[in-house]
2 protein chains.
Amino acid sequence: MNKIKVLIAENFDVYRHGLRSILSEAPAVSEVYAVRSAKDLVQAYKKSPDSVCIVSSNIEGSNIHDLMQRLEKVQPAPKVIVLTYSTDVNHLNQSLKAGVNGYLMKNCTTGELESAIKEVAKGKQAFSKSVSQMMANKYVDQAKKTGSVSNKLTKRETEVLKLIVEGHTSPEIAKMLFISPRTVETHRSNLMNKLKIKNTAALVRYALEKTEIG
Amino acid sequence: MNKIKVLIAENFDVYRHGLRSILSEAPAVSEVYAVRSAKDLVQAYKKSPDSVCIVSSNIEGSNIHDLMQRLEKVQPAPKVIVLTYSTDVNHLNQSLKAGVNGYLMKNCTTGELESAIKEVAKGKQAFSKSVSQMMANKYVDQAKKTGSVSNKLTKRETEVLKLIVEGHTSPEIAKMLFISPRTVETHRSNLMNKLKIKNTAALVRYALEKTEIG
DNA sequence: CAGGCACTACGTATTTCTACGTAGTTAAAA
DNA sequence: TTTTAACTACGTAGAAATACGTAGTGCCTG
């Protein structure tokens, strides 16, 4: 197997230095190039489209989805590993949807990082332990929920939920959204039915812990 | 001014490498030594008690308070900068109480890191912009709250709040705590008065975002 | 076009929550 | 010892939330 070229895109100084330092010493890696922004990454990728890209979840200048599209214009199947700082489930989902090949937590070990790069270079996928455990748990959770997998909320429901989380009562929300208080309560009702939740407290907790609200 | 010795304590590989890489290149720094755990840090500190310590907020093997005490046994006024990954206000408060000299966010720049080390080496304090901004905001918030600074909750109140967050109603909580439902409502009432909060939703949000509950 | 989904709205009844009080006991602090 | 704080408990009243329905309109899709 040929040695692997790696492109790092990370706008935080310390972390970028850390990645470069570790990967420079990795035997499987031949070249390491580090940039700060999404724009620079795309530029660099044009010059060496056979690289494995390591991208920070909070990369400056783009979200993962757009970044992937830009990379795909250069080369149809870019190899991208996302490194994340948070345990935000939404971000993971978005990244997977965007088609990334790996997803590691910021606190991964040198070993995890290296093996992930090797796997992705081979065309496989790579997830850090905590991420794959989390995915497994979610899968079980979903299955438990009577099989109905997509408990996605509608726009309006999300809107209402957001206002509930912000501490507004139903009448207040009604005024804000220019709808009837009853309608707000219908939305509350539907939210709770969908989420198998029985009161406001649990609803707020759900929103803060399992959605991008908050 | 003499060059500064730096001790790094960070259990995450990438970040530790990053710090070492950056500080090795810093002109003001003469020596850099990096360890993984609190225990190792104390050991290393005994050998060079004139070092500035850079400690990860999630350092393995100790909390900040105990770590500071251990360092103080070696040398009465250890110079410690905490690097944090989160925006957790509680952790900041605990760190300040423990007597650390600096507090930086993980996403600080190379410049911020270097100048913080210089400041702390001089015996001054150093906080990253976001941290000092946040402290300023909190100060204003506190001032607004009619001067009453300590809005700490009692044990019982914390207990009740926890159960509210878990989605239990007042009657349920009453049964769990073997007290009257009215008493639970009194606690709710007191909680909301203390926190200037007007309903359950805001209470849950407060608990999840600003306390260790959840 | 028919069917499904989202959004809207209402009725009724019950439960829970919130506001604003009072007050006894106990344990710790001044 | 006096005082303070915490925990307990209750009354009354009104506001809000929850449970259980029904139903019209618009939009998109098969």
Side-chain angles (χ1 to χ4, degrees), chain A residues 142 145-209 211-214, chain B residues 142 145-208 210-214:
Chain A
Q142 294 289 20
K145 282 178 185 172
T146 354
S148 72
V149 175
S150 75
N151 51 8
K152 277 182 187 174
L153 308 180
T154 68
K155 278 184 189 175
R156 205 52 157 176
E157 283 166 351
T158 308
E159 216 171 345
V160 170
L161 180 52
K162 200 167 186 171
L163 292 172
I164 292 172
V165 170
E166 286 173 8
H168 300 291
T169 64
S170 289
E172 286 173 0
I173 295 171
K175 283 181 187 172
M176 292 178 186
L177 300 182
F178 305 103
I179 58 179
S180 158
R182 298 308 190 90
T183 304
V184 176
E185 281 166 13
T186 302
H187 288 309
R188 287 186 100 114
S189 198
N190 293 336
L191 276 166
M192 291 194 286
N193 281 333
K194 279 190 183 177
L195 304 174
K196 319 283 177 195
I197 278 173
K198 64 180 205 297
N199 59 36
T200 303
L203 201 55
V204 172
R205 190 190 190 183
Y206 172 91
L208 289 176
E209 290 185 349
T211 79
E212 75 287 355
I213 295 175
Chain B
Q142 294 288 18
K145 282 177 184 170
T146 353
S148 71
V149 177
S150 75
N151 52 8
K152 277 182 184 172
L153 308 180
T154 67
K155 278 185 188 175
R156 204 52 157 177
E157 283 166 350
T158 308
E159 214 170 347
V160 171
L161 180 52
K162 200 167 187 171
L163 292 171
I164 292 172
V165 171
E166 285 173 10
H168 301 291
T169 64
S170 289
E172 286 173 1
I173 295 171
K175 283 182 186 170
M176 292 177 185
L177 300 182
F178 304 104
I179 59 180
S180 159
R182 297 310 189 93
T183 303
V184 175
E185 283 164 14
T186 302
H187 287 312
R188 288 184 101 115
S189 198
N190 293 336
L191 276 166
M192 291 194 284
N193 281 332
K194 280 189 183 179
L195 304 173
K196 317 285 176 194
I197 278 174
K198 67 180 203 296
N199 60 36
T200 304
L203 202 56
V204 172
R205 190 188 190 186
Y206 172 91
L208 289 176
K210 311 207 174 177
T211 78
E212 73 288 355
I213 294 175

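Values reported hereafter were calculated over all heavy atoms of this structure, with side chains retained and with hydrogens, waters and symmetry mates removed. Per chain, numbering begins at 1; letters A, B, ... match sequence-line order. Owing to the predicted nature of the structure, the values given are computational and were not obtained by experimental measurement.
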- request: Enumerate the residues from residues 173-189 of chain A whose closest heavy atom to DNA chain D is under 4.0 Å, giving them by residue number; use none for an empty result.
  value: A/E185, A/R188
query: Are the side chain of A/T183 and the backbone N or O of A/I179 linked by a donor-acceptor pair below 3.5 Å?
result: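 Absent.
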Rounded to whole Å, how long is the line connecting atom [atom1] of [X] with atom [atom2] of [N]?
X: B/R156; N: C/dA27; atom1: CZ; atom2: P; answer: 15 Å
X: A/N193; N: D/dC20; atom1: CG; atom2: C1'; answer: 10 Å
X: A/K155; N: C/dC5; atom1: NZ; atom2: C1'; answer: 14 Å
X: B/H168; N: C/dT16; atom1: NE2; atom2: P; answer: 14 Å
X: B/N190; N: C/dC20; atom1: CG; atom2: P; answer: 13 Å

Which nucleotide in the list [options] gets nearest to the side chain of [X]?
X: A/M192; options: D/dT18, D/dA16, C/dC17; result: D/dT18
X: A/K198; options: C/dT18, D/dA17, D/dA19; result: D/dA19
X: A/T200; options: C/dC17, D/dT18, D/dC7; result: D/dT18

- request: Apply salt bridge (Lys or Arg N to Asp or Glu O under 4.0 Å) to A/E157 and A/K194, showing your working.
  value: CA-CA 11 Å; A/E157 283 166 351; A/K194 279 190 183 177; 2.7 Å; yes
- request: State, with a plain yes or no, whether a side-chain heavy atom of A/M176 is found less than 4.5 Å away from one of A/H168.
  value: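 Answer yes - side chains close enough.
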query: Does A/S170 place a side-chain N or O at less than 4.0 Å from the phosphate oxygens OP1/OP2 of D/dA16?
result: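 Result: no.
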Other residues, nucleotides, ligands: >12 heavy atoms within 6.0 Å of A/K175 NZ: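 Atom NZ in A/K175 is not packed in, count stays at 12 or less.
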field: All salt bridge (Lys or Arg N to Asp or Glu O under 4.0 Å) counterparts of A/R156, not counting sequence neighbours
entry: A/E159
- prompt: Between A/T200 and A/R188, does any side-chain donor sit less than 3.5 Å from a side-chain acceptor?
  reply: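 Indeed, the side chains of A/T200 and A/R188 share at least one donor-acceptor pair under 3.5 Å.
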query: Hey, what bend do you get for the helix from C/dC1-D/dG30 to C/dA30-D/dT1 if you fit axes on five pairs at each end, rounded to 10°?
result: 50°
